[in-house]
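Just the heavy atoms: all of them, side chains too, but no hydrogens, waters or symmetry mates, feed the values below.
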Amino acid sequence: MEAEAADGPPSGLEAALSCFSFNQDCTSLAIGTKAGYKLFSLSSVEQLDQVHGSTEIPDVYIVERLFSSSLVVVVSHTKPRQMNVYHFKKGTEICNYSYSSNILSIRLNRQRLLVCLEEAIYIHNIKDMKLLKTILDIPANPTGLCALSINHSNSYVAYPGSLTTGEIVLYDGHSLKTVCTIAAHEGTLAAITFNASGSKLASASEKVRDNQLARVQHGLTVPLCLKQHRDRAHLQAGAPHEQVSDMMNQDRAFATGRLNFSGQRNICALSTIQKLPRLLVASSDGHLYIYNLDPQDGGECVLIKTHSLLSSGTTEENKENDLRPSLPQSYAATVARPSTSSASTVPGYSEDGGALRGEVIPEHEFATGPVCLDDENEFPPIILCRGSQKGKTKQS
């Protein structure tokens with residue numbers, strides 16, 4: 001993404017969202033506000049469907065949804081040390097946990113739930129929310145920077161290994177052991193993320209405006225360099241392994257998206273909506289921007305829709321967007337027909353039923369199936385889940 005200097009959004013909308021995140025397969029968007037939180041389905045370009053909304057917990061600053069299931073994790077500024085896990089379809093609380101300091105970030109996959117504090121990471125078994133591991137004495141991590149592979153067969157975890165350099169610790173969330181340490185950058189880490197299969201880890205540095213890509217396989221990492229223009233952030237296309245290094249060393253972006261404002265916090269994701277690849281950008285000003293992305297030729301991403309994520313002004317803004325003339329599309333606009341299904345492409349998950357039934361997860365072993373959020377036996381009674389996570393279970 002590239003943020004260009006331009007007139008910003010109206011002052012009344014600045015920092016309208018306190019938090020926003022895409023789910024693991026980018027089929028849903030969660031937002032937190034001073035009033036509560038909302039969940040949206042991302043199955044259509046033209047229409048943004050609100051799946052759920054709650055005002056029971058105010059001043060939400062973390063909200064994470066597990067794929068397209070009914071499990072959602074919420075943290076509020078009113079109780080920043082407490083994690084609340086809900087089954088939002090039933091309107092029930094599954095459990096809540098309290099920690100020794102403020103919660104900075106939460107990551108989910110079908111097997112593990114990570115809670116990141118400034119100097120500790122807690123690893124829970126998502127099947128029953130049991131605390132499996134506490135990683136203590138990590139370098140100060142004031143932003144809660146960490147990543148969890150969405151592939152539950154490996155559940156790799158990555159977090160900063162230094163406060164001053166771009167060192168990354170790679171941890172196996174399945175075996176609960178450290179895999180290795182990667183000297184990725186000279187400057188402090190700004191971002192880290194895994195690809196969908198957990199076979200590659202990408203990182204970016206704040207001090208040195210470059211990116212790194214590490215191939216993760218059987219506990220080994222092979223660093224691959226990604227060059228980035230000093231004043232722009234770009235997208236890089238996927239490619240076979242033998243082509244990755246050459247492509248990443250090109251001194252140009254494969255594709256570029258442009259924002260018509262600056263000074264906002266933004267997150268972006270790549271997703272397939274109605275059978276076409278899209279670039280999604282959620283902004284703290286309270287909007288979702290959808291771009292067309294040409295996976296063959298790259299180039300300039302075309303903004304095709306802007307959605308308001310706030311209740312006020314939604315109708316008028318969407319009417320204004322609908323009146324805009326259609327923009328030319330460089331990537332086969334006739335390739336796809338609109339999809340009528342709103343279900344996640346990830347097997348076992350759906351918008352209306354949570355997840356299919358899975359097998360019992362032995363401790364330290366991953367399940368052969370996903371968690372069944374419609375089965376009361378999948379989680380112990382709420383009262384048994386509540387408690388403080390101060391010095392419990394195994395530590396490292």
Side-chain angles (χ1 to χ4, degrees), residues 3 7-23 26 28-42 48-66 70-99 101-108 113-118 141-146 259 261-269 280-290 306-318 320-321 386:
D7 293 335
S11 58
L13 290 180
E14 289 184 2
L17 307 183
S18 56
C19 66
F20 37 98
S21 65
F22 295 102
N23 67 342
C26 299
S28 177
L29 173 66
I31 66 169
T33 67
K34 289 187 176 298
Y37 71 91
K38 297 179 182 180
L39 305 176
F40 297 93
S41 173
L42 301 176
L48 187 65
D49 295 321
Q50 182 175 320
V51 176
H52 176 69
S54 173
T55 57
E56 293 184 4
I57 298 184
D59 211 5
V60 172
Y61 74 94
I62 295 177
V63 55
E64 297 285 345
R65 185 183 184 186
L66 178 62
S70 302
L71 187 149
V72 61
V73 183
V74 180
V75 183
S76 168
H77 278 299
T78 60
K79 293 184 178 180
R81 297 185 178 187
Q82 180 173 298
M83 172 186 71
N84 303 279
V85 183
Y86 296 101
H87 189 302
F88 70 80
K89 291 287 186 179
K90 295 182 178 180
T92 58
E93 182 184 62
I94 296 172
C95 63
N96 65 64
Y97 282 107
S98 295
Y99 301 86
S101 61
N102 291 357
I103 300 171
L104 300 180
S105 63
I106 288 175
R107 300 290 182 264
L108 306 166
L113 182 151
L114 300 186
V115 179
C116 184
L117 313 184
E118 183 170 357
N141 185 8
T143 62
L145 181 61
C146 67
L259 298 178
F261 58 86
S262 62
Q264 298 289 338
R265 292 182 296 114
N266 308 298
I267 60 171
C268 61
L280 308 178
V281 181
S283 176
S284 60
D285 69 356
H287 291 84
L288 173 68
Y289 303 90
I290 303 179
T306 301
H307 291 287
S308 172
L309 301 173
L310 307 173
S311 57
S312 61
T314 302
T315 302
E316 293 302 320
E317 288 187 14
N318 285 337
E320 181 181 346
N321 291 330
R386 293 176 177 169

Would you say D59 and S76 are linked by a side-chain donor-acceptor pair, where the criterion is simply a distance under 3.5 Å? no

Looking only at non-hydrogen atoms, find the nearest pair between C116 and G144 and report the distance. SG-CA, 3.8 Å

pair L104-N141: side-chain heavy atoms closer than 4.5 Å: no

Please determine whether side chain to side chain contact (heavy atoms under 4.5 Å, CB included) holds for the pair L114 and I106, giving the CA-CA distance in whole Å, both sets of side-chain angles, and the decisive distance to 0.1 Å. CA-CA 5 Å; L114 300 186; I106 288 175; over 6 Å; no

So which atom in S308 and which in L48 form the shortest heavy-atom distance, rounded to 0.1 Å? O-CD2, 4.1 Å

Considering non-hydrogen atoms only, spot the tightest contact between F22 and E64 and give its length. O-OE1, 4.4 Å

Taking all atoms of both residues into account, what is the closest heavy-atom pair of A282 and L29, and its distance? CB-CD1, 4.2 Å

Which residues share a ring-ring contact (aromatic ring centres under 6.0 Å, His included) with Y61, sequence neighbours left out: H77

Value for CG (L108) from CZ (R65), rounded to nearest 0.5 Å, stands at 11.5 Å

Would you mind reporting whether L259 and Q264 have side-chain heavy atoms less than 4.5 Å apart? no

Apply side chain to side chain contact (heavy atoms under 4.5 Å, CB included) to the pair M83 and L113, showing each step before the final yes or no. CA-CA 11 Å; M83 172 186 71; L113 182 151; 3.5 Å; yes

Contact between L310 and L17 at the side-chain level, heavy atoms closer than 4.5 Å - yes or no? yes

Quick one: are V115 and Y97 in side-chain contact, heavy atoms under 4.5 Å? no

Would you indicate whether the side-chain heavy atoms of L71 and V85 approach each other to under 4.5 Å? yes

For the side chain to side chain contact (heavy atoms under 4.5 Å, CB included) test, which of C19, S284, S18, S283 pairs with R265? S284

Answer yes if the ring centres of Y37 and F88 are under 6.0 angstrom apart, and no otherwise. no

Using 0.5 Å steps for rounding, measure from the CG atom of L42 to the SG atom of C26. 8.0 Å

Closest non-hydrogen atom pair between Q82 and S98, with its separation: OE1-OG, 3.8 Å

Side-chain donor or acceptor of S21 paired with backbone N/O of V63 under 3.5 Å: yes

Tell me, yes or no, whether the heavy-atom count around Q50 atom CD, taken from other residues, nucleotides or ligands under 6.0 Å, exceeds 12. yes

If you measure from NE2 on H307 to CG on D49, what distance do you get to the nearest 0.5 Å? 9.0 Å

Mind listing the closest non-hydrogen atom pair of V281 and C268 along with its distance? CG2-CB, 4.1 Å

Find out whether L288 and F20 are in side-chain contact, i.e. whether some heavy atom of one side chain is under 4.5 Å from a heavy atom of the other. no

Check: H52 and V72 side chains under 4.5 Å, non-hydrogen atoms: no

Return the OG1 to CG distance between T33 and L309, rounded to the nearest 0.5 Å. 11.0 Å

